[in-house]
Student: 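For reference, the structure I am asking about is given below.
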Protein chains: 2
Amino acid sequence: MATERKVTSTNYRNQSFLEEKCSLNELLDLVSKRWICEVLFCIEEGINRFKSVKEELSYISDTILADRFRLLEKYDLVSKEHFDEIPFRVEYTLTEKGQELCTLLEQICNFSDSLPACKIESKKKTTSG
Amino acid sequence: MATERKVTSTNYRNQSFLEEKCSLNELLDLVSKRWICEVLFCIEEGINRFKSVKEELSYISDTILADRFRLLEKYDLVSKEHFDEIPFRVEYTLTEKGQELCTLLEQICNFSDSLPACKIESKKKTTSG
DNA sequence: GTAGTAACTAATTAAATTTTTAGTAATGGC
DNA sequence: GCCATTACTAAAAATTTAATTAGTTACTAC
């Protein structure tokens, strides 16, 4: 995740242009990052530790998971708590804004289920439950 | 846009995993593509031809704009009409689903405006109107 | 002191997306 | 015929994002 963006590129200029035009573009850039919504939903369901989220989301890597927690915290969607027990543990919980976003995303989820083009994948789900 | 996805990569597997888990992930993958929301909003406002959208969205390229129209059509969010006049013209209009999505995106837009982390950019807007 | 766990980070590599450049078909004007 | 226009497409280069590999710190168990 270390690689910095090239602020002199047209690629960067265009993204900035869109974010300045409408903050929606900034939020979409965030929530469309791979795994991030599922991490958010895990936390909503109480799966709120590094390890448990990692187990829940089969293929996610440590690097990405750490990055997603960091982003969600940065945008004040989740808050992090470090418990100084022995052994210590870290827990993530949704903030009010995070909960609000979950609700909005669930609405979009319902909408996407109603889209014929997204149904191709949904059909597969019925076989496994 | 020609380059095909590598279906044997873990990158591909992970995206598929997410899309099968929830169709939200497929829709987010679509709406987070650069320019696509703005193209959708242009059409909503009646800026509905290739050239007029291109003029409205300063930096967008032909390649991307054509791709975005194609994607929006594929997902039945917009419909394309070719008028056999002389000179011919092509117009895009929102479908019912497209209008529904716009409404949802506008809700998210309001939410993102209320997020402190997205406010940094919003402040800039006040200087220019 | 060696192995193991939780929660991470840094550097590298692989893959995807976006931008750039150049070109197409159909039509009209000169 | 040559240039201009609209609505595109194809191929390549640039940039960004995600995945992989290898490590860290602080602690417990043996």
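Here is the naming used below: chain letters follow the sequence lines, and residue numbers restart at 1 for every chain.
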Student: Do B/Val90 and B/Tyr92 touch side chain to side chain, with heavy atoms closer than 4.5 Å?
Tutor: yes
Student: Would you say a side-chain N or O of A/Arg34 is under 4.0 Å from OP1 or OP2 of D/dA19?
Tutor: yes
Student: For each nucleotide in nucleotides 22-30 of chain C, reading 5' to 3', give B when a protein heavy atom comes within less than 4.0 Å of its base, S when such contact involves only the sugar-phosphate, and - otherwise.
Tutor: -----SS--
Student: Under 4.0 Å between a side-chain N/O of B/Tyr59 and OP1 or OP2 of C/dT20, yes or no?
Tutor: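 For C/dT20, neither OP1 nor OP2 has a side-chain N or O of B/Tyr59 closer than 4.0 Å.
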Student: Please tell me if A/Arg68 has a side-chain N or O lying less than 4.0 Å from either OP1 or OP2 of D/dA18.
Tutor: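 The answer is yes; a side-chain N or O of A/Arg68 sits under 4.0 Å from OP1 or OP2.
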Student: Within less than 4.0 Å of OP1 or OP2 of D/dA7, is there a side-chain N or O belonging to B/Arg49?
Tutor: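 The answer is yes; a side-chain N or O of B/Arg49 sits under 4.0 Å from OP1 or OP2.
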Student: Mapping B/Thr10 and A/Asn11 onto DNA chain D by nearest heavy atom, which one lands closer to the 5' end?
Tutor: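 First, find each residue's nearest nucleotide; the 5'-ward one identifies A/Asn11.
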Student: Hey, does the side chain of A/Arg5 come within less than 4.0 Å of D/dT15's phosphate (OP1/OP2), counting only N and O?
Tutor: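 Result: no.
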Student: Starting from P on C/dA6, measure out to CZ on A/Phe69 and report it in whole angstrom.
Tutor: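 That distance rounds to 14 Å.
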Student: Side-chain N or O of A/Tyr12 less than 4.0 angstrom from OP1 or OP2 on D/dT17?
Tutor: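 Indeed not, no polar side-chain atom of A/Tyr12 lies that close.
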Student: Does A/Trp35 place a side-chain N or O at less than 4.0 Å from the phosphate oxygens OP1/OP2 of D/dA19?
Tutor: yes
Student: Please tell me if A/Ser9 has a side-chain N or O lying less than 4.0 Å from either OP1 or OP2 of D/dT16.
Tutor: yes
Student: With under 30° as parallel and over 60° as perpendicular, where do the rings of A/Trp35 and B/Phe17 fit, or are they tilted in between?
Tutor: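 A/Trp35 and B/Phe17: tilted rings.
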Student: With a 4.0 Å limit, can you tell me whether A/Lys6 has a side-chain N or O closer than that to the phosphate oxygens OP1/OP2 of D/dT17?
Tutor: no
Student: Please tell me if A/Asn14 has a side-chain N or O lying less than 4.0 Å from either OP1 or OP2 of C/dT18.
Tutor: no
Student: Can you see if the side chain of A/Arg13 gets near the phosphate of C/dT19 - specifically, an N or O under 4.0 Å from OP1 or OP2?
Tutor: no
Student: Quick check on C/dT17: is either OP1 or OP2 less than 4.0 Å from any side-chain nitrogen or oxygen of B/Lys33?
Tutor: yes
